[in-house]
Amino acid sequence: MAVPESSTATVTTPRRALATVIFVVFLDLVGFGVVIPILPFYVRSFGVSDVFIGLLAASYSLMQFVFAPLLGRVSDARGRRPVLMLSLAGSVVAWTVFGLAGEILSTAGVVAGVATLFASRMLAGAMGGNIATAQAYVADVTPLERRAASLGLIGASFSLGFIFGPALGGVLASDAVVGVARDVLPAVVPATRFSLPSFGAATLSLLALASAALFLPEPDRARGPAARVTLVGSFVGALSNLRLRGLVVSFFLLSLAFSGVQVMFIPFAADVYGYDATQTAFFLTYIGFLGALNQGVLVGRLSTRYPEDRLAVVGAVFLLVSLLLLPFSPDVGRLLPPLGGPAWFTRELFVLLVDGALLSFGNSLLNVSLSTLVSTRASADRQGDAFGVTQGAGSLGRTVGPPAMAALYVVGFPLPFVVGAVILVPIVYILARSARTTPGRATG
């Protein structure tokens, strides 16, 4: 579904096209971020084990694993714009159904309610595979010398989503907003601290869909043939490609390691620091702000001075250290002298804030550098396929990781974070070795 020559695609500059796709991704990811603070509490409200938190996260990532390579390949052959619009429409449906799961619990029982949670999260995961298409879009409209900075802006959109999304989710889940919503909304619309953030996410995905429909052009780019390649075939092809093999493995290990933070940090903050959904949302907003600053500004500047391989190794080391420190942040904080200042600014919180800064910097540096390496090592007509496979590998890590990390958390709360740090060690080795042995960039 290419945009006709008479459309705005011929008059839209690459810079405007880049700004538009970043804005669309931002809106979609704000919606994703809205439900993060309430998700673990939502699962607990169904009266099931915390293991289901990990299983629910895994179901999302499993569908990303299946659909990210597929959407990437389809976007290579059929166009970036229609794939992005289809996935955004699916997200609207997914988040709406997710918000109704509590009502289904009340009327049809626990099994039906939990099944609804999983069905909606799986649909959202399938549609969430569009990030590979968005990254390929950025690569289409950006020259090689500016690609790291431009892909960093996609990463910054993630982080901005985690600034505004969790903060908005925390507000929508607050007693005051829920009370007002119950007075204003029709009785047929459920207004709870779980449904309102979900409906907010659906609304934001709808706005992103409208923005894409009105303003997003199809990029002028090289197109590959519509090859019939299976999911397994895509991964086998990537693993046999010396340029991409280490990156595919690194994406998998990174997602596996980081899944402990993604899934179990909110229970950790509740159980160890006593934070509720709103307090946790504010901390995630802080992390998102740092991520936006790191990926939108700092990483782009560093990429002009240092090669991506080296930046990726440094990022992995920072992330490893921060993961090791995270579960012990209260203990480390108690070793510090009194800080002074307001009563709420405790030593334990200070260490948590410092560790969050280290974590954000390391994760930003590693993720953007890996994405840039994927783009520069893949040919011009296979950008969507390459991003789809590497994002799929990351989704596979997020499929395997959450149930394992949730089970480890039940055994002992430090374990998901310590094990995650250990898993990062092979990434340092792979990337350091890749920097010495991988040939130059693909020119397409």
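Of the options Phe268, Tyr275, Tyr273, Phe265, a ring-ring contact (aromatic ring centres under 6.0 Å, His included) to Phe283 is made by Phe265 and by none of the others.
Leu370 places none of its side-chain heavy atoms less than 4.5 Å from the side chain of Thr390.
Residues satisfying the side-chain hydrogen bond (donor to acceptor under 3.5 Å, both in side chains) test with Ser87, not counting sequence neighbours, are Asn130. For Ala167, the side-chain contact (heavy atoms from CB on, under 4.5 Å) criterion is met by Thr285, not counting sequence neighbours.
Salt bridge status for Asp140 with Arg81: absent, with no side-chain N to carboxylate O gap under 4.0 Å.
Counted by atom type alone, Ser360 and Asn294 present one or more donor-acceptor pairs between their side chains at under 3.5 Å. Using modelled atom types, one finds a donor on one side chain and an acceptor on the other under 3.5 Å when comparing Ser195 with Thr192. Using modelled atom types, one finds a donor on one side chain and an acceptor on the other under 3.5 Å when comparing Ser75 with Arg80.
For the residue pair Ala191 and Ala181, the shortest heavy atom distance occurs at CB-CB, 3.9 Å. For the pair Glu218 and Gly79, the tightest heavy-atom approach, listed with the atom from each and the gap, is OE2-CA, 3.1 Å. Considering every non-hydrogen atom in both Pro327 and Val418, the closest pair reads CG-CG2, 4.4 Å.
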Worksheet item: How far apart are the C-alpha atoms of Val400 and Leu256, what are their side-chain angles, what is the distance that settles it, and do they pass the side-chain contact (heavy atoms from CB on, under 4.5 Å) test?
Response: CA-CA 7 Å; Val400 176; Leu256 181 63; 4.1 Å; yes
Worksheet item: Is there a ring-ring contact (aromatic ring centres under 6.0 Å, His included) between Phe46 and Tyr42 once you walk through the steps?
Response: CA-CA 7 Å; Phe46 282 68; Tyr42 199 9; 5.5 Å; yes
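Separating the CG atom in Leu88 from the CG atom in Leu27 is a distance of 9.0 Å, to the nearest 0.5 Å.
Sorted by first and then second residue, the pairs that involve residues 261-273 and meet salt bridge (charged side-chain N to carboxylate O under 4.0 Å, His left out), not counting sequence neighbours, are Arg44-Asp271.
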